[in-house]
There are 2 protein chains.
Amino acid sequence: MKDAPERPVTMAQVADLAGVSVPTVSRVINSSAPVAEETRRAVVRAIETLGYHPNLMARGLSRGRSDTVLVILPHITEPSVAMRLSALIDVLRKSPYELHLVDLERPPEQRIRRIGEIVLRNRPAGVVIISLPLDDVDHRHIHNADVPVVLIDSTSTDFPSDSVDDIAGGELATNHLIGLGHTEIAFIGDQEETAIGVPASANRRLGYQRAMKFADLPVPSGYKGTAPHGMDTARRVARDMLRLSQPPTAIFAASDVQALGVLAAAREVGLDVPRQLSVIGFDDIQAASLTGLTTIRQPLEASGRRAGLQLLQMLGHRVREKKPEFPELEVVVRSTTGPVSSNTAQEPLSAVSLEKADMVTKVSSSPGSAARQARLIPRRK
Amino acid sequence: MKDAPERPVTMAQVADLAGVSVPTVSRVINSSAPVAEETRRAVVRAIETLGYHPNLMARGLSRGRSDTVLVILPHITEPSVAMRLSALIDVLRKSPYELHLVDLERPPEQRIRRIGEIVLRNRPAGVVIISLPLDDVDHRHIHNADVPVVLIDSTSTDFPSDSVDDIAGGELATNHLIGLGHTEIAFIGDQEETAIGVPASANRRLGYQRAMKFADLPVPSGYKGTAPHGMDTARRVARDMLRLSQPPTAIFAASDVQALGVLAAAREVGLDVPRQLSVIGFDDIQAASLTGLTTIRQPLEASGRRAGLQLLQMLGHRVREKKPEFPELEVVVRSTTGPVSSNTAQEPLSAVSLEKADMVTKVSSSPGSAARQARLIPRRK
DNA sequence: CTGAAAGCGCTTACAG
DNA sequence: CTGAAAGCGCTTACAG
């Protein structure tokens with residue numbers, strides 16, 4: 001077992017041992033042409049005794065593409081990305097494709113390598129791109145690579161994509177706060193990239209503005225905060241906002257990760273949530289239910305599943321499982337939002353907030369809570 | 001831009017346009033041999049006007065291995081896996097390697113494909129394997145593939161690996177509970193696989209037993225619960241345990257994910273944490289700090305970084321950044337553990353527990369808390 | 001049903 | 001410094 005590293009077994013060696021030609025071995029392995037049963041058995045035996053495994057690069061080179069589905073995504077630690085990916089993996093696991101994953105910097109300007117280039121270099125059988133914008137060059141490269149592509153959480157006229165109606169989601173979140181009596185409502189979201197294609201945060205902001213306008217509520221310039229995506233960056237923006245002379249009584253954060261940052265800022269500034277400050281997020285990642293965060297639930301896993309099934313179809317596979325319905329966006333009310341308080345003076349942090357935090361969990365999991373969850377059918381094209 | 005999908009540009013086309021031979025183009029691209037400056041420029045120009053990108057499969061086939069680092073890991077949604085991976089990605093991002101990721105089922109019996117087979121089929125330049133056990137066949141395959149391998153969170157005599165002293169960690173956790181006066185201490189961990197190599201949970205259990213024995217405390221058979229890894233499975237095991245006629249007053253869960261399940265079970269059964277039940281986890285994932293979970297912190301990111309740097313070294317790269325010290329395991333005391341209560345009768349859930357939950361956060365982040373954190377140098381070979 | 005031949009797009013000695 | 005040749009390990013027409 002510790003001999004000199006013999007070179008890996010090749011198809012030629014298998015052919016020799018089985019007493020057939022290389023193409024015959026290939027036919028047996030790929031079932032690409034009829035082979036006499038006896039021959040087949042000899043080949044299979046040779047494969048097993050030698051422990052042969054085909055070289056995917058050689059196969060891919062001669063076939064013109066590899067047996068790989070390439071998934072390109074931004075930082076994998078992002079919970080929403082991980083959830084979608086996980087569902088996608090589940091779908092692809094049963095398929096004949098290797099799943100290869102390439103993790104990219106989110107801000108395109110920091111990116112050394114372009115998406116199209118990665119596709120072109122790897123020649124995968126199919127591509128799934130999560131939460132990443134494509135530019136013209138990417139489109140051209142992918143076009144040249146002539147490979148099926150499915151997008152998640154970004155849009156393009158050229159490729160099918162799964163994404164929710166973020167504008168409606170933004171309205172939904174904002175209306176939840178308005179419904180609680182809030183009038184000083186702020187928004188915190190991603191720094192908006194110049195690259196088009198993944199406007200999730202920007203669209204949620206649009207929905208916020210729309211709802212505010214509809215309710216005839218003012219949006220002071222200080223009430224729109226953006227920063228590079230992240231919990232800590234959001235915390236800092238929120239802290240500044242909460243120290244304004246006229247701080248908001250409610251904040252809609254474009255994602256749960258950012259909402260968690262807002263909660264941290266509230267603690268820092270000494271504001272009681274939800275009595276002095278209401279906070280609503282977006283996504284409904286696991287941390288949201290763990291911390292009692294009120295949020296807009298979007299179907300993260302469904303989008304991963306759907307994208308996977310769609311790609312398999314495009315690759316010519318018959319898909320047994322039918323694509324899951326795309327569930328509606330919905331408000332999940334937990335314990336970080338509440339009616340606007342008449343008392344706007346800041347008071348020391350009390351234990352009350354955390355007591356409520358527990359009630360939340362119950363609320364969101366009990367059947368009766370359904371009544372408290374506003375619903376809205378997302379507009380989809 | 002919407003022309004018939006021309007086939008991707010090849011090196012031969014570049015050579016033609018530049019008026020040189022294919023090997024010369026190759027030399028320019030790889031800087032593998034001196035090329036006249038003028039020739040070089042012509043080639044570069046041709047590459048740019050054609051938008052050429054080398055076919056990695058072809059390169060890999062002729063070189064005998066691809067320019068890829070293959071990362072093989074179990075479910076990526078597992079927070080501890082994601083954290084290690086993220087750090088690994090950061091290190092490898094600056095390297096010349098594509099990072100390809102293969103996600104595997106954790107329980108080997110459910111696994112259709114073996115690790116060694118994946119390596120053999122892909123012929124990567126290097127491999128990192130996270131939290132996955134290798135068997136003899138895997139070892140043989142990898143040996144044949146003759147590729148550098150680094151292990152994270154599993155051990156092998158053949159490959160370098162980064163893993164903490166889980167036995168010591170188990171003792172640390174258990175001693176924390178013993179130090180609080182608990183005597184009825186239970187353990188909940190992973191179902192222990194037959195495959196050797198990733199005995200993290202089993203080793204933590206060993207540490208637990210050792211500490212209990214040393215303190216002369218009994219371990220009733222009902223106090224050792226195992227289930228397939230996961231929050232919900234752990235919840236069920238914990239629920240059963242908490243309904244024993246003699247329930248434990250403290251539970252050590254082999255991972256934070258499982259500890260969260262224990263907390264859910266406590267809520268379900270109506271036990272107040274930490275007054276009626278103390279819970280300690282292992283890992284210190286983000287959810288732990290968000291929920292105030294007391295836990296054993298292990299250096300998840302450091303292990304990812306270290307493995308990445310080690311692999312780059314094995315691949316013959318000079319590594320600028322020096323490998324981070326492997327930090328010690330330490331107890332992070334938050335709000336789910338407390339002194340054993342004299343009152344063992346079950347009482348209705350009170351708000352007190354959650355009030356404490358907030359104090360926790362402060363404790364763990366304030367400098368003064370260091371004094372409350374036991375430390376232990378892990379034994380490493 | 002099976003084999004000899006050509007080719008996939010690169011890299012790497014080998015000459016010059 | 002550069003090109004002609006061989007080869008990496010497969011697959012795919014093409015004959016038979």
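Convention: sequence-line order gives letters A, B, ...; per-chain numbering from 1. As the structure is a prediction and not an experimental result, all values here were calculated from the model.
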Problem - Whole angstrom value for the distance that separates P of C:dC8 from CE of A:M11 - result: 19 Å
Exercise for the section: Output yes when A:R114 and A:D135 qualify as a salt bridge under the 4.0 Å nitrogen-oxygen rule, no when they do not. Expected result: yes
Handout entry: Side chain of A:S26 - closest among D:dT11, C:dG3, D:dC1
Key = D:dT11
Problem - Salt-bridge criterion met for A:R93 and B:D103 (N-O under 4.0 Å) - result: yes
Problem - Short side-chain N/O contact from B:T24 to OP1 or OP2 of D:dG3, under 4.0 Å - result: yes
Problem - Distance, rounded to the nearest Å, where B:L61 contributes CG and C:dG9 contributes C1' - result: 9 Å
Fill in the blank from the handout: In whole angstroms, the gap separating C1' of D:dC10 from CD1 of A:I29 amounts to 9 Å
Practice task
Determine, stepwise, if the pair A:R63 / A:D67 fulfils salt bridge (Lys or Arg N to Asp or Glu O under 4.0 Å).
Solution key: CA-CA 9 Å; A:R63 286 223 261 246; A:D67 278 329; 3.2 Å; yes
Fill in the blank from the handout: A:R59 atom CZ is separated from D:dC8 atom P, nearest whole Å, by 19 Å
Problem - 5'-most by nearest nucleotide on DNA chain D - B:V35 or A:M57 - result: B:V35
Problem - Out of C:dG9, D:dG3, D:dT11, whichever nucleotide has its closest atom nearest the side chain of A:V22 - result: D:dT11
Completion exercise
Closest to the side chain of A:A58, out of C:dC1, C:dC8, D:dG9, is D:dG9
Exercise for the section: Provide the Watson-Crick or G-U wobble partner of D:dA13, both distances under 3.5 Å; none if there is no partner. Expected result: none
Exercise for the section: Give a yes/no on whether any side-chain N or O of B:R7 is located under 4.0 angstrom from OP1 or OP2 of C:dG9. Expected result: yes
Fill in the blank from the handout: Paired with B:L311, the side-chain contact (heavy atoms from CB on, under 4.5 Å) test is passed by just one of B:P160, B:S95, B:P148, namely B:P148
Exercise for the section: Send over the distance from B:R121 CZ to D:dC10 P, rounded to a whole Å. Expected result: 11 Å
Problem - Toward the 5' end of DNA chain D, by each residue's nearest nucleotide, B:T39 or A:N30 - result: B:T39
Practice task
Check whether any side-chain N or O of A:T10 sits under 4.0 Å from OP1 or OP2 of D:dG9, and answer yes or no.
Solution key: no
Exercise for the section: Look at the side chain of B:R27 and the base of D:dG3, then say whether one donor and one acceptor between them are separated by less than 3.5 Å. Expected result: yes
Exercise for the section: Give a yes or no on whether a salt bridge exists between A:E37 and A:R41, defined as a side-chain N under 4.0 angstrom from a carboxylate O. Expected result: yes
Exercise for the section: Classify the nucleic acid contact of B:S32 as base, sugar-phosphate or nothing, counting any heavy atom under 4.0 Å across all strands shown. Expected result: nothing
Handout entry: Spacing between A:R63 atom CZ and C:dG9 atom P, to the nearest angstrom
Key = 15 Å
Practice task
Could you state the atom-to-atom distance from CG of A:L120 to P of C:dC8 in whole Å?
Solution key: 17 Å
Exercise for the section: Could you state the atom-to-atom distance from CD of A:Q13 to P of D:dG9 in whole Å? Expected result: 9 Å
Exercise for the section: Answer yes or no: does a side-chain N or O of B:S21 lie under 4.0 Å from OP1 or OP2 of D:dG3? Expected result: yes
